[in-house]
Amino acid sequence: MPVAIVTGSDSGIGKAIAVALAGDGFAVGVTWHDDEAGGLATVREIDAAGGRSELRRLDLTDLPEAADVIDELAEALGGVDVFVNNAGMSRRAPFLELTYDDWRETLAVDLDGAFVCAQRAARRMVAQGRGGRIVNITSVHEHIALPDSAAYVAAKHGLGGLTKQMAYELAPHGIAVNAVAPGEIATPMTGNENANVEQESREGIPLGRPGDAREVASLVSWLASPGAAYATGHSFVVDGGLTLMAVGEHKARPIAPVRI
């Protein structure tokens, strides 16, 4: 049975990914940070459907030792074929008021933590000699700014760059690396976990609603499948068209002549 490890899979997007991959036939390593009940709920859902799972606590403020959890899960499940970097956090404050401690904590969890965990998983994949897939869950803000979120935006831009570099260096080992960049998704992080997305209205999104975590999970499921074997080094945006709004809102202005 192939093995997938999904960090931050106690709720939201991570849980949806873990459940989807279990449905695809993967044994799944599940991690939680401060919501053990959520982690147990993910495991129960996987096990109830006939899947196999292991649960561990992952604290990405404890670096680099936190990455030992990746090895623990790989040992318990028999390796790792797909690794999904989903765990993350955000500290919001205007740039001029953002404290250094909040800046460092956000980068430590969202970028440093993603690096050490992905490196540990990649080393396992190389040693196994059968290739693999790594998917970094970034954000639409890997590509565009977000008010009062300098640390988060910087970390996600950094993770996007790391994705490309990993894809380049790991390709000779048969490991494909991509990013998935969600927009507003109905999760605890956005404060609308239990929303019926079809009944929610969002004027700033062309499709007019937030996304469902399962819509992100389905893309990760494809990236983990044989059909995605030739895709590497890319960021796949799942945002309902949010990034198009910069184009839609642009008003053409006359350009003053330039004299040289």
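The analysis underlying the following values was restricted to heavy atoms, covering all of them including side chains, and did not include hydrogens, waters or symmetry mates.
In terms of heavy-atom proximity, Y152 sits nearest to T138 at OH-O, 4.3 Å.
R104 is linked by a salt bridge (charged side-chain N to carboxylate O under 4.0 Å, His left out) to D112, counting only residues two or more places apart in sequence or in another chain. Considering only residues two or more places apart in sequence or on other chains, E36 meets the salt bridge (charged side-chain N to carboxylate O under 4.0 Å, His left out) condition with none of them.
Between the side chain of R92 and the backbone N or O of P147, at least one donor-acceptor pair lies under 3.5 Å. A donor-acceptor pair under 3.5 Å is formed between the side chain of E215 and the backbone N or O of D212. Looking only at distances, no side-chain donor or acceptor of D59 sits under 3.5 Å from a matching main-chain atom of H33. Between the side chain of H141 and the backbone N or O of A181 there is no donor-acceptor pair closer than 3.5 Å. Without hydrogens or angle criteria, N86 side chain to G8 main chain gives a donor-acceptor distance under 3.5 Å. At distances below 3.5 Å, not a single donor-acceptor pair connects side-chain atoms of N136 with backbone N or O atoms of A114. Panel note: side chain T163, backbone L159; a donor-acceptor pair is recorded below 3.5 Å. R133 contributes a side-chain N or O that, together with a main-chain N or O of S225, makes up a donor-acceptor pair within less than 3.5 Å.
Defined by atom type and a distance below 3.5 Å, a donor-acceptor pair is missing between the side-chain atoms of T31 and R56.
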Salt bridge (Lys or Arg N to Asp or Glu O under 4.0 Å) for E75 and R124? Distances and angles first, verdict last. CA-CA 10 Å; E75 287 292 334; R124 285 264 174 180; 2.8 Å; yes
Could you please spell out the steps behind the side-chain hydrogen bond (donor to acceptor under 3.5 Å, both in side chains) verdict for T243 and H143? CA-CA 8 Å; T243 52; H143 304 285; over 6 Å; no
Show me the side-chain donor-acceptor pairs of residues 166-173 shorter than 3.5 Å, one per line, residues at least two apart or across chains.
unit_1, atom_1, unit_2, atom_2, d
E169, OE2, Q165, NE2, 2.8

